[in-house]
Amino acid sequence: MSDFAGVLILSLVASAVSEAVSYALVYRTEQFRQIKAKVQQCETKLEDEGRSTTGTNKNKQRRIESIEAQLSTARGKASSLQLRSMVVVAVVQLGSIYLVNSMYSGRPVARLPFEPLNMFRGLIQRGLPDDSPSDACSATFVFVLGGLVFKAAIDRYLQLGLPKSTALPKWVTNPEDALGMKK
């Protein structure tokens, strides 16, 4: 097995362990499930309110602001629940990076098809000796990029966290109000 494949496998395992820890500490709890249901309920109400044409414009705006406040509160509660798992996940990731650095110290695991910009070279070649070719890629860089990709894929496949908000931010839908400008 090549060094590149070994680093990717370690990255996949570290991402899976991180998600398992998050599941055990947060996502399977009843409190998080209730918050998740509340967020989904608020988002459904918000979509319905946005489509509805009944009521005056002021009343509709007040209802929308009330639902947005409930949604914001529920997302804040979920974030505070997720904080404890983030600490454990950070320790797992740091331990994994230490393991990868000790296993592949000073060895390039991949070659880039281009020469990276100078501002990114320090990240891409972290832990490699100074006499390494300019297109060499370190195990740490591959591990971190693989971890980002695998974590996103696992999150999307298992759908454990809160649903992503589909509503556009206020500054996009109504920039005059966001900037404090009157029409």
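For the single chain, residues carry numbers from 1 onward in sequence order.
Counting heavy atoms from C-beta outward, Ser22 and Val89 have side chains that approach closer than 4.5 Å. Taking 4.5 Å as the limit, some side-chain heavy atom of Arg121 sits within range of a side-chain heavy atom of Asn118. Residues Arg84 and Val88 are not in side-chain contact: their nearest non-hydrogen atoms beyond the backbone lie 4.5 Å or more apart.
Under the 3.5 Å distance criterion, the side-chain polar atoms of Thr73 are matched with a main-chain donor or acceptor of Ala69. Put simply, the side chain of Gln125 gets close to the backbone of Pro133: a donor and an acceptor are under 3.5 Å apart. Of the possible donor and acceptor atoms, one in the side chain of Arg28 sits under 3.5 Å from a partner among the backbone N and O of Ala24. Of the possible polar contacts, one joining the Ser85 side chain to the Gln82 backbone as a donor-acceptor pair under 3.5 Å is found.
A distance of 12.5 Å separates CD of Glu65 from CD of Gln70, quoted to the nearest 0.5 Å. Residue Leu145 holds its CG atom at 9.5 Å from CG of Leu123, rounded to the nearest 0.5 Å. Atoms CG and CD1, from Leu117 and Ile124 in turn, are 8.0 Å apart once rounded to the nearest 0.5 Å. Rounding to the nearest 0.5 Å places CG of Leu46 at 10.5 Å from OG of Ser66. Rounding to the nearest 0.5 angstrom, the gap separating the CG atom in Leu25 from the CG atom in Leu83 is 11.5 Å.
Closest of all the heavy-atom pairs between Val109 and Phe4 is O-CB, 3.4 Å. Here the closest non-hydrogen pair linking Val100 and Phe143 is CG2-CD1, 3.6 Å. A pairwise comparison of heavy atoms in Cys42 and Ile67 identifies O-CG2, 3.4 Å as the closest pair. Scanning all heavy atoms of the two residues, the minimum distance from Ser18 to Val92 falls at OG-CG1, 3.9 Å. Ala136 and Pro108 get closest at one heavy-atom pair: CB-CB, 3.8 Å. Here the closest non-hydrogen pair linking Gln93 and Ala14 is NE2-O, 3.6 Å.
Summarising the local packing, NZ of Lys77 is surrounded by 12 or fewer heavy atoms from other residues, nucleotides or ligands at distances under 6.0 Å. Residue Arg126 places its CZ atom among 12 or fewer non-hydrogen atoms of other residues, nucleotides or ligands, all under 6.0 Å distant. Environment of CD in Gln31: sparse, with no more than 12 heavy atoms of neighbouring residues, nucleotides or ligands closer than 6.0 Å. More than 12 heavy atoms of other residues, nucleotides or ligands sit less than 6.0 Å from atom CZ of Phe114. A 6.0 Å sphere centred on CZ of Arg107 holds more than 12 heavy atoms belonging to other residues, nucleotides or ligands.
Under the 4.5 Å side-chain contact rule for hydrophobic residues, Leu81 and Leu71 share a cluster. Both Leu12 and Tyr104 are part of a single hydrophobic cluster, where members link through side-chain heavy atoms under 4.5 Å apart. Under the 4.5 Å side-chain heavy-atom criterion for ILVMFWY residues, no single connected hydrophobic cluster contains both Ile9 and Phe141. Follow the hydrophobic side-chain contacts under 4.5 Å out from Ile97 and you reach Leu99 in the same cluster. There is no path of hydrophobic side-chain contacts, each under 4.5 Å, that joins Tyr98 to Val13.
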Exercise for review: Walk me through it: do Gln34 and Glu30 pass the test side chain to side chain contact (heavy atoms under 4.5 Å, CB included)?
Suggested key: CA-CA 6 Å; Gln34 290 172 354; Glu30 189 59 35; 3.9 Å; yes

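Remark: of the listed residues Leu128, Val7, Val142, Val142 is the sole one forming a side chain to side chain contact (heavy atoms under 4.5 Å, CB included) with Cys137.
Here Arg111 pairs with Asp135 under the salt bridge (Lys or Arg N to Asp or Glu O under 4.0 Å) rule; sequence neighbours left out. Remark: Phe150 pairs with no residue by the ring-ring contact (aromatic ring centres under 6.0 Å, His included) rule, at least two apart or across chains. Remark: Asp48 pairs with Thr44, Arg51 by the side-chain contact (heavy atoms from CB on, under 4.5 Å) rule, at least two apart or across chains. The ring-ring contact (aromatic ring centres under 6.0 Å, His included) search around Phe32 returns Tyr27, not counting sequence neighbours.
The side-chain hydrogen bond (donor to acceptor under 3.5 Å, both in side chains) pairs that include a residue from residues 140-150 are Asn101-Thr140, where partners are two or more places apart or lie in different chains. Residue pairs meeting the side-chain hydrogen bond (donor to acceptor under 3.5 Å, both in side chains) criterion with at least one member in residues 142-154, sequence neighbours excluded: Glu19-Lys151, Lys151-Asp155.
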